[in-house]
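Shown next, in structure tokens, is the structure this report addresses.
Proteins get letters first, then strands, A, B, ... in listed order; numbering begins at 1 in each.
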Amino acid sequence: MEAKQLAVTGSSTPQSPVYRALLRAGPSLRALQQVHGHIVVSGSHRSRALLTKLITLACEAGSIFYTRRLFLSVPKPDSFLFNSLIKASSKFGFPQHTVFFYHRMLGFRIAPSSYTFTSVIKSCADISALRLGRCVHSHVLVCGYGSDSFVQAALVTFYSKSSDLGAARKLFDKMPDRSVVAWNSMISGYEQNGFSREAIEVFNQMRELGVEPDSTTFVSVLAACSQLGALGLGCSVHHNVINNGLHVNVALGTSLIIMYARCGNVSIAREIFDSMNERNVIAWTAMISGYATNGYGSQAVELFCQMRAHGPVPNTVTFVAVLAACAHAGLVHEGRETYANMRQEYGLVPGVEHHVCMVDMLGRAGLLTEAYQLIKELGPEEATPAVWTAMLGACKMHKNFDLGVIVAEHLLEVEPENPGHYVMLSNIYALAGRMDRVEMVRNMMMGRSLRKKVGYSTIEVNQKTYLFSMGDKSHPETNEVYQYLDELMSQCREAGYAPVPESVMHEVEEEEREYALRYHSEKLAIAFGLLKTKDGMAIRIVKNLRMCEDCHEAIKFMSVVTKREIIVRDKLRFHHFKDGSCSCMDYW
DNA sequence: CTAGGGTTAG
């Protein structure tokens, strides 16, 4: 008994005073450096256990350079030290350093373990280092860890995050037993890369095989529903969450808020928000952003006020949401105040996205000079194409020919490969009646073999989403849809609808004219929805581009003659059409 | 002398 006591009081054992001092210091740089001093003074600096603990704590404290200095002071680092370092640097967000330590480890001819690989692969995933990750993958195989399920799951995540979904799926399919985490990786991988349908497919496959989904699974599946604007499916997933008796944590709650908001149902989103017992910045920001994209500017600002009063501290993302809300709702005064507040009260520096919101907001309100002034005051690296594009939109909206041309020419110079700029410039020339210039811009675009982005719209009916694009006649009920739409449009005309002249770029697209296309994709999707759903049910459409003025006008009339609420989510925001008017108040 | 992994929300 006494001998044992003696044995553990040595300076390098876990129970030693110095070791306990280290644990007490925790991940705090100052405290660690003090203990480090004690270690040196007490002569125990040769103890590996102490140094290893000190090094990993330094890493956790966020000081990677101190960590590296300490590491370099260790004469012969062993595999325990390397694994601890690799794990810590990977976990605490220093992926490049993880790779550095990994290379060092190999240099010392120390064999990595499956634990080493999971951390290294995670770091490769964090920086989307595809080439490097592939090398590590081969190394995994050479070292005989190819069938370790943790390593495999990490590799699935790595390939997903590096956007090589093919490789991720191939690995995933070959996994003999897939844990929930592996399923989650695959589902999230698809969702994060915009493959919502595939994400949902894998989710269904998972359930067919009887694997219990967890809250992480639902977070990703709900995100996929959000992308699709698939409210029916989203609701059924929500029911799943409830039926599985899962605890709705912050991430899951936030995911539900986003799903309902991105499907155009803000009031349920708000109910979820109110029902959550833990709400962090992300949850608040998601709710504010939900109000913003749906055009509920004052509710967004109101919620932001509550947040400032008794919520978490807003960050730069929160401010983007609030400013976007102001821009979409024409709340110029509130927007200006918020923009100033950001710096003065919170010490946050406005970035590109905030400037885009401000230019957009001022521009929409017709304050073109002020918007342009704001751009001119930006530094060269701050005046990004996104900011100029917002300016260009404002010029077109207010038919400011002279400024529009200047802005567009700048954009064509810095982004000659973006077809959107040509379309916009051509439209501006058309508005000014400069048809010669319209032709010139069109030829320029053709000369650079750029094509306008194809527009498409989706609609969910009975938990299935259908895609429509202009001129696409692949749908089995195309004829019925067109026939019904013709009828509907004549009813609209009787009710007073007058077509808004097509955007000129459409007129000049010969290829498109050949198809004798009558309707943009949103009209097709709406017609299909009206045919397929019961009277009185709201119609929800998601469009990948912005709606044109003519469609916007036509849908107002559709909402009257069909007595339906029609909700369109376009690239930027929502339009809720009801009884002949739109929630955007034609301010978009 | 020693511990431990891969997945999720704005």
Side-chain angles (χ1 to χ4, degrees), chain A residues 7-8 10-16 19 47-53 56 78-81 83-88 90-91 113-126 145 148-161 168 171-172 175 178-192 199 206 213-224 226 246 248-259 261-262 269 272-273 276 278-290 292-293 307 312 314-322 324 353:
Chain A
V8 292
S11 63
S12 61
T13 53
Q15 278 81 7
S16 75
Y19 194 92
S47 156
R48 288 182 173 281
L50 283 178
L51 282 176
T52 303
K53 192 73 197 166
T56 53
D78 58 356
S79 84
F80 185 73
L81 175 59
N83 282 330
S84 302
L85 254 176
I86 285 171
K87 186 180 68 182
S90 168
K91 185 175 167 193
S113 70
S114 65
Y115 288 93
T116 321
F117 282 122
T118 50
S119 290
V120 175
I121 294 164
K122 177 190 164 9
S123 289
C124 292
D126 287 345
Y145 292 110
D148 181 285
S149 63
F150 285 90
V151 174
Q152 286 176 331
L155 283 167
V156 169
T157 307
F158 158 70
Y159 283 115
S160 296
K161 291 205 172 158
L171 252 159
F172 179 77
M175 286 177 72
R178 288 169 286 211
S179 62
V180 212
V181 179
W183 284 96
N184 292 348
S185 288
M186 197 64 241
I187 293 170
S188 150
Y190 276 130
E191 184 273 314
Q192 297 278 338
M206 173 184 185
D214 62 10
S215 50
T216 307
T217 320
F218 287 114
V219 169
S220 296
V221 175
L222 285 165
S226 307
L246 276 175
V248 178
N249 59 26
V250 222
L252 186 48
T254 307
S255 217
L256 282 165
I257 291 174
I258 298 160
M259 187 276 290
R262 303 248 307 143
I272 307 273
F273 177 78
M276 287 165 69
E278 190 200 339
R279 282 174 294 201
N280 57 16
V281 216
I282 304 178
W284 282 83
T285 306
M287 191 63 235
I288 292 171
S289 165
T293 49
M307 182 180 184
N315 60 24
T316 53
V317 188
T318 316
F319 278 96
V320 174
V322 180
E353 288 173 288

Open item on the list: I'd like to know if the side chain of A:R279 and the backbone of A:F273 have a donor-acceptor N/O pair within less than 3.5 Å.
Closed with: yes
Task: Closest nucleotide among B:dG10, B:dT7, B:dG6 to the A:T216 side chain - done: B:dT7
Open item on the list: What's A:V151 touching, base or sugar-phosphate or nothing? Going by heavy atoms closer than 4.0 Å.
Closed with: base
Open item on the list: Can you see if the side chain of A:Q192 gets near the phosphate of B:dA9 - specifically, an N or O under 4.0 Å from OP1 or OP2?
Closed with: yes
Task: No-H, no-angle donor-acceptor pair, A:N280 side chain to B:dG10 base, under 3.5 Å - done: no
TODO: Could you check whether A:N249 gets within reach of a base, just the sugar-phosphate, or nothing at all, counting any heavy atom under 4.0 Å?
DONE: nothing
Task: Shortest side-chain distance from A:V181, nucleotide among B:dT7, B:dG4, B:dG5 - done: B:dT7
Task: Polar pair under 3.5 Å, donor/acceptor by atom type, side chain A:S114, base B:dG5 - done: yes
Task: Expected output: side-chain A:S160 to main-chain A:G189 donor-acceptor under 3.5 Å - done: no
Open item on the list: Between the base of B:dG6 and the side chain of A:S179, is there a donor and acceptor pair under 3.5 angstrom?
Closed with: yes
- [ ] Whole angstrom is fine here: how far is it from CD1 in A:I86 over to P in B:dG6?
- [x] 14 Å
Open item on the list: Would A:F150 count as stacking on B:dG6 if stacking means ring centres less than 5.5 angstrom apart and planes tilted under 30 degrees?
Closed with: no
Open item on the list: Nearest to the A:N184 side chain among B:dC1, B:dT7, B:dA9, which nucleotide is it?
Closed with: B:dT7
Task: Residue A:K87, side-chain atoms from C-beta onward, closest of B:dG10, B:dA9, B:dA3 - done: B:dA3
Open item on the list: Among B:dG4, B:dT7, B:dT8, which nucleotide has an atom closest to any side-chain atom of A:S220?
Closed with: B:dT8
Task: Which residues share a salt bridge (charged side-chain N to carboxylate O under 4.0 Å, His left out) with A:D126, sequence neighbours left out - done: A:K122
Open item on the list: Considering every strand and a 4.0 Å limit on heavy-atom distances, what is the contact class for A:T52: base, sugar-phosphate, or nothing?
Closed with: nothing
- [ ] Please tell me which of the listed nucleotides, B:dT7, B:dT8, B:dA3, lies nearest to the side chain of A:V219?
- [x] B:dT8
Task: Out of B:dT8, B:dC1, B:dA9, whichever nucleotide has its closest atom nearest the side chain of A:T254 - done: B:dA9
Task: B:dT8 OP1/OP2 closer than 4.0 Å to side-chain N/O of A:S188 - done: yes
Open item on the list: Consider ring pair (Phe, Tyr, Trp, His ring centres under 6.0 Å). Of A:Y190, A:Y159, A:F158, A:W183, which one does A:F172 pass it with?
Closed with: A:W183
Open item on the list: Can you see if the side chain of A:K161 gets near the phosphate of B:dT8 - specifically, an N or O under 4.0 Å from OP1 or OP2?
Closed with: yes
Open item on the list: Does A:T217 reach a base, just sugar-phosphate, or nothing at all? Heavy atoms under 4.0 Å.
Closed with: nothing
Task: Closest to the A:S113 side chain, choosing from B:dG4, B:dG5, B:dG10 - done: B:dG4
Open item on the list: Going by the rule side chain to side chain donor-acceptor pair (under 3.5 Å), which residues pair with A:S113 if we only count those two or more places apart in sequence or in a different chain?
Closed with: A:T116
TODO: Select base, sugar-phosphate, or nothing to describe what A:V250 touches, counting heavy atoms under 4.0 Å on all strands.
DONE: base
Open item on the list: I want to verify a distance call: between B:dT8, B:dG6, B:dG4, whose nearest atom is closest to the A:A153 side chain?
Closed with: B:dG6
Task: Side-chain donor-acceptor contact under 3.5 Å, A:S84 with A:T52 - done: no
